[in-house]
Amino acid sequence: MLAATTRRSVLLGSAAAALAGPRAFAAALNPALPAGLREEAVIESPAGKRDLLKLTWRPPNYETPLDGFTTPITANDRFFVRYHLANIPTKAELANWSLSIGGDAAEQEVKLSLADLKALPATEITAICQCAGNRRGLFTPHVPGVEWGIGAMGNAVWRGVRLKDVLAKAGVKPGAVEVTVRGADSAVVEATPIFKKSIPLDRAMDDTVLLAYAMNGEDLPLLNGYPVRLIVPGWTGTYWMKHVTRIEVVSKPFDGFWMAKGYRVPKGVFGTDRPFTSQDNEKTSPVTELVVNSLITAPLDGAKVGGAGFAVQGLAWDGGHGIARVEVSLDAGATWQAATLGEDLGRFAFRPWSFAVPAGSGSITVLARATATNGATQPAKLVANPAGYHHNVISTVTVAAG
Ligand SMILES: Nc1nc2c(c(=O)[nH]1)N[C@H]1C(S)=C(S)[C@@H](COP(=O)(O)O)O[C@H]1N2
Ligand SMILES: [Mo]
């Protein structure tokens, strides 16, 4: 019970304080987040961004505060930023950007400019980019890594070309197993493993997987992958490579650090529709699909509300089945009532929802639980795992009514 209370107060306390300013935010973090983070986390506006919570600067890791989630589409300037390596290319360095495609399971080497890419048939998809480690900072006991609160996620309309159309230019040989992607960022120290990822060939050929050059109708912000990033709707952000410069079609599973060692979960603990079997080992699997989840965006935890009733608002999402329902409980989970779902922006997008709490007074705790169309629902108890991924415990806020 103590742990649950602590998590709740940090989750929504941080959001409430984010609106009140950096100092209040840092103070609100004190109870449960690690010491290093408490000193670092302040509201900042890095280039092209506005009012994000800075968790680390080198590499840049910034999360979106709760007030960035009042609409189902996340604004470009409020969209979170996650990097593993500190050398981020500048716009000037990317002016002559090109993308090369090859690999041992490609028929030929191909080089494409941004103009070449934009000349291919364009398509759009609304999808959530969420870090697997979103809410890691709310794990008890603590797990090492970037101690994210609730905001290592965002939902945008991405425009670009299908990865499969680009792969077709190089030609895919019969023995192909995976497609690797790497970006233009690099490490300060050479010994640091480069950030390079792979996805299974069948996923790479999926109609939903794009090389995107626009986000919500504009060029990608530099910190979200300008000029081109990979979009893997339904899968965790780790595969959404930014500033993509090199793609390879390969005949063997890619064994780089960020596949073989990082971004892995205990085998069989989280369900998956499309297992990434070429990367499985005896004990662990790569983290893939997003788990079903929800966020209460209003009212803020600890808020005072009138006695005449109030509206609860939030977002719900999953890895691409779509949201079947969101339910709210006002009696600690004994009974649940249906919330009203808002606009459907597609199965990979945030689904807004709302619920009218009737007149009452005193302390009211609201629990929210989303269920996807495949029946998956949010757990009451955290699913522990060593890297702190997939935090999707039922969220709560407590308000004072009357
Ligand atoms: N080039 C590059 N791409 C990257 C990363 C990175 O460190 N470098 N991090 C990945 C991870 S783990 C996440 S969660 C998403 C975050 O996307 P964003 O920074 O646009 O929010 O980018 C992915 N793509
Ligand atoms: Mo991530």
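As the structure is a prediction and not an experimental result, all values here were calculated from the model. Along the sequence shown, residues carry numbers from 1. First listed ligand is number 1; within each ligand, the first listed atom is number 1. Values reported hereafter were calculated over all heavy atoms of this structure, with side chains retained and with hydrogens, waters and symmetry mates removed.
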- Looking only at protein heavy atoms, which one is nearest to atom 5 (C) of ligand 1, and how far off is it? Phe195 CE2, 3.3 Å
- Option nearest atom 18 (P) of ligand 1 (shortest heavy-atom distance, choices Leu230, Asn224, Thr236): Asn224
- Message: With heavy-atom distances below 4.5 Å as the criterion, would you say the side chains of Trp158 and Leu220 are in contact?
- Response: yes
- Message: Testing the basics here: between Ile247 and Val181, what is the closest heavy-atom pair and its distance to 0.1 Å?
- Response: CG1-CG1, 3.9 Å
- Message: Around atom NZ of Lys173, are there more than 12 heavy atoms from other residues, nucleotides or ligands closer than 6.0 Å?
- Response: yes
- Considering only the protein, which heavy-atom contact is closest to atom 17 (O) of ligand 1, and what is its distance? Arg229 NH2, 3.0 Å
- If you measure from each heavy atom of Gly225 to ligand 1, is any distance below 4.0 Å? no
- Query: Between Ala184 and ligand 1, which part of the residue brings a heavy atom under 4.0 Å of the ligand: side chain, backbone, both or neither?
  - Reply: neither
- Task: Considering only non-hydrogen protein atoms, determine which one is nearest to atom 23 (C) of ligand 1 and report residue, atom name and distance to 0.1 Å.
- Result: Gly237 O, 3.1 Å
- Thr398 versus Thr365, side-chain donor and acceptor atoms under 3.5 Å: yes
- Message: Does Lys242 qualify as a cation-pi partner of Tyr83, given the criterion of NZ or CZ under 6.0 Å from the six-membered ring centre and within 45 degrees of its axis?
- Response: yes
- Lys/Arg N to Asp/Glu carboxylate O, Asp206 vs Arg274, below 4.0 Å: yes
- Under-4.0 Å salt bridge between Glu282 and Arg264: no
- for atom 1 (N) of ligand 1, nearest protein heavy atom and its distance come out as Asp185 OD1, 2.7 Å
- Taking only non-hydrogen atoms of Phe79 and a 4.0 Å limit, the atoms of ligand 1 in range are 21 (O)
- Query: Numbering the atoms of ligand 1 from 1, which are under 4.0 Å from a heavy atom of Tyr83?
  - Reply: 7 (O), 8 (N)
- Test the Lys49-Tyr62 pair against the cation-pi criterion, namely NZ or CZ under 6.0 angstrom from the six-membered ring centroid and within 45° of the ring axis. no
- Closest protein heavy atom (residue, atom, distance) for atom 3 (N) of ligand 1: Lys242 N, 2.9 Å
- Minimum-distance protein heavy atom relative to atom 7 (O) of ligand 1: His84 ND1, 2.8 Å
- Task: Check whether any side-chain heavy atom of Trp148 lies under 4.5 Å from a side-chain heavy atom of His391, and answer yes or no.
- Result: no
- Query: Could an N or O of ligand 1 be found under 3.5 Å from any N or O of Leu85, whether backbone or side chain?
  - Reply: no
- With a 4.0 Å cut-off on heavy atoms, is Tyr263 touching ligand 1? yes
- Item | Pick from Tyr239, Phe80, Trp240: the one approaching atom 16 (C) of ligand 1 most closely through a non-hydrogen atom | Phe80
